[in-house]
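Notes follow the structure.
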Amino acid sequence: MSDIFQEVDEAVRHEEYLKLWKRYRVAIIGVVLAIVAAVAGYEGWQYYSAEQRKANSARYAAAIEALNGTDASAAETALGEVVEAAPAGYGVLAAFRLAEQKEEAGDRAAAAAEMESLASRSGVPQSLRDIARFQAILYQVDEGDPATLEGALAPLASEGSALRPSALELTAFLALKQGETVRARETFQQLAEDPATPSGIRRRATQMLAQIGE
């Protein structure tokens with residue numbers, strides 16, 4: 001009988017972990033997109049001439065404006081055209097926004113594919129390709145195989161990676177999805193105790209440690 005109660009308790013905890021992940025995912029994606037906007041804007045400024053920047057800026061602004069309309073298909077087409085016309089700078093911003101649009105429409109597989117395409121684009125700075133790879137993994141967390149995703153995430157969680165804190169946080173959530181609570185706790189503990197961890201991630205890690213320890 002005690003085994004039954006234990007299984008129920010573990011199932012309840014698992015549901016709580018998933019609820020926390022869904023809440024935190026928004027914060028993680030928000031931070032990543034803020035980084036993208038800053039880096040892509042800078043790269044775009046360095047890469048293009050003044051006239052090219054002006055034209056691509058206008059295309060991007062028009063595509064974003066289209067998102068406020070009712071024709072989602074037209075908006076996606078407009079963003080796709082920016083991606084093709086400006087592979088760096090505004091094209092990178094458009095690719096991220098296009099993936100976000102697809103995710104909001106419920107097509108996470110398409111969103112992930114868009115990010116994977118960006119991650120494989122040789123003309124894009126490595127920093128942005130890494131962010132795209134991370135974002136592609138994020139889009140697959142709910143439906144993808146946790147072990148496979150964790151393997152894809154490993155290079156981004158390695159020493160020296162600018163995305164290491166975010167990648168370790170996601171690694172811990174994937175460990176929870178696989179039922180590996182001890183490993184998840186160790187990773188969250190590492191994040192909580194590392195002074196180099198961004199404050200938002202450290203706060204979430206501390207909250208998760210409290211949840212796991214209940």
Side-chain angles (χ1 to χ4, degrees), residues 13-40 92 95-97 99-100 102-104 106-120 126-213:
R13 289 192 183 192
H14 182 67
E15 288 299 319
E16 289 300 319
Y17 298 153
L18 292 182
K19 287 179 182 178
L20 285 168
W21 156 246
K22 289 177 180 178
R23 185 176 71 188
Y24 290 149
R25 180 176 60 182
V26 175
I28 296 171
I29 291 175
V31 170
V32 170
L33 291 181
I35 296 173
V36 168
V39 177
V92 172
F96 275 95
R97 190 62 187 88
E100 185 181 358
K102 292 179 181 296
E103 196 270 345
E104 290 174 354
D107 194 347
R108 291 176 180 166
E114 185 69 38
M115 289 292 89
E116 288 169 353
S117 174
L118 178 60
S120 65
Q126 186 62 50
S127 58
L128 293 174
R129 293 169 64 188
D130 287 345
I131 293 173
R133 188 165 289 109
F134 180 79
Q135 194 77 345
I137 295 169
L138 271 178
Y139 286 137
Q140 299 175 74
V141 166
D142 290 341
E143 290 85 15
D145 175 65
T148 300
L149 295 177
E150 191 172 338
L153 192 62
L156 302 179
S158 62
E159 292 285 352
S161 170
L163 290 175
R164 178 174 167 79
S166 294
L168 285 175
E169 181 180 22
L170 186 52
T171 296
F173 277 109
L174 289 170
L176 284 177
K177 289 199 70 174
Q178 296 173 80
E180 298 181 22
T181 307
V182 172
R183 185 161 63 86
R185 182 186 293 111
E186 290 174 349
T187 304
F188 282 128
Q189 190 73 46
Q190 177 184 348
L191 289 168
E193 295 177 351
D194 187 350
T197 301
S199 59
I201 295 177
R202 192 185 307 120
R203 182 175 61 253
R204 291 194 296 270
T206 300
Q207 292 172 340
M208 287 304 300
L209 286 169
Q211 179 68 31
I212 294 173

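For the single chain, residues carry numbers from 1 onward in sequence order.
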Kindly give the heavy-atom pair with the smallest separation between Ala111 and Ala99, and that separation in Å.
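In terms of heavy atoms, the two residues are closest at CB-O, 3.2 Å.
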Can you give me the closest heavy-atom contact between Leu209 and Arg185, atom names plus distance?
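For Leu209 and Arg185, the tightest heavy-atom pair comes out as CD2-O, 3.5 Å.
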Measuring from [X]:[atom1] to [Y]:[atom2], what's the distance to the nearest 0.5 Å?
{"X": "Arg204", "Y": "Phe188", "atom1": "CZ", "atom2": "CZ", "result": "9.5 Å"}
{"X": "Glu100", "Y": "Met115", "atom1": "CD", "atom2": "CE", "result": "10.0 Å"}
{"X": "Ser120", "Y": "Arg133", "atom1": "OG", "atom2": "CZ", "result": "8.0 Å"}
{"X": "Lys177", "Y": "Leu170", "atom1": "NZ", "atom2": "CG", "result": "10.0 Å"}
{"X": "Thr171", "Y": "Leu153", "atom1": "OG1", "atom2": "CG", "result": "4.0 Å"}
{"X": "Lys102", "Y": "Glu114", "atom1": "NZ", "atom2": "CD", "result": "6.5 Å"}

Would you say Leu168 and Ile201 make side-chain contact, with heavy atoms under 4.5 Å?
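Answer no - side chains too far apart.
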Output yes when a side-chain donor or acceptor of [X] lies under 3.5 Å from a complementary backbone atom of [Y], and no otherwise.
{"X": "Arg164", "Y": "Ala157", "value": "yes"}
{"X": "Thr197", "Y": "Arg202", "value": "no"}
{"X": "Gln140", "Y": "Ala136", "value": "yes"}

Please, which pairs that meet salt bridge (charged side-chain N to carboxylate O under 4.0 Å, His left out) have at least one residue in residues 186-196, sequence neighbours excluded?
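Those involving residues 186-196 do not exist here.
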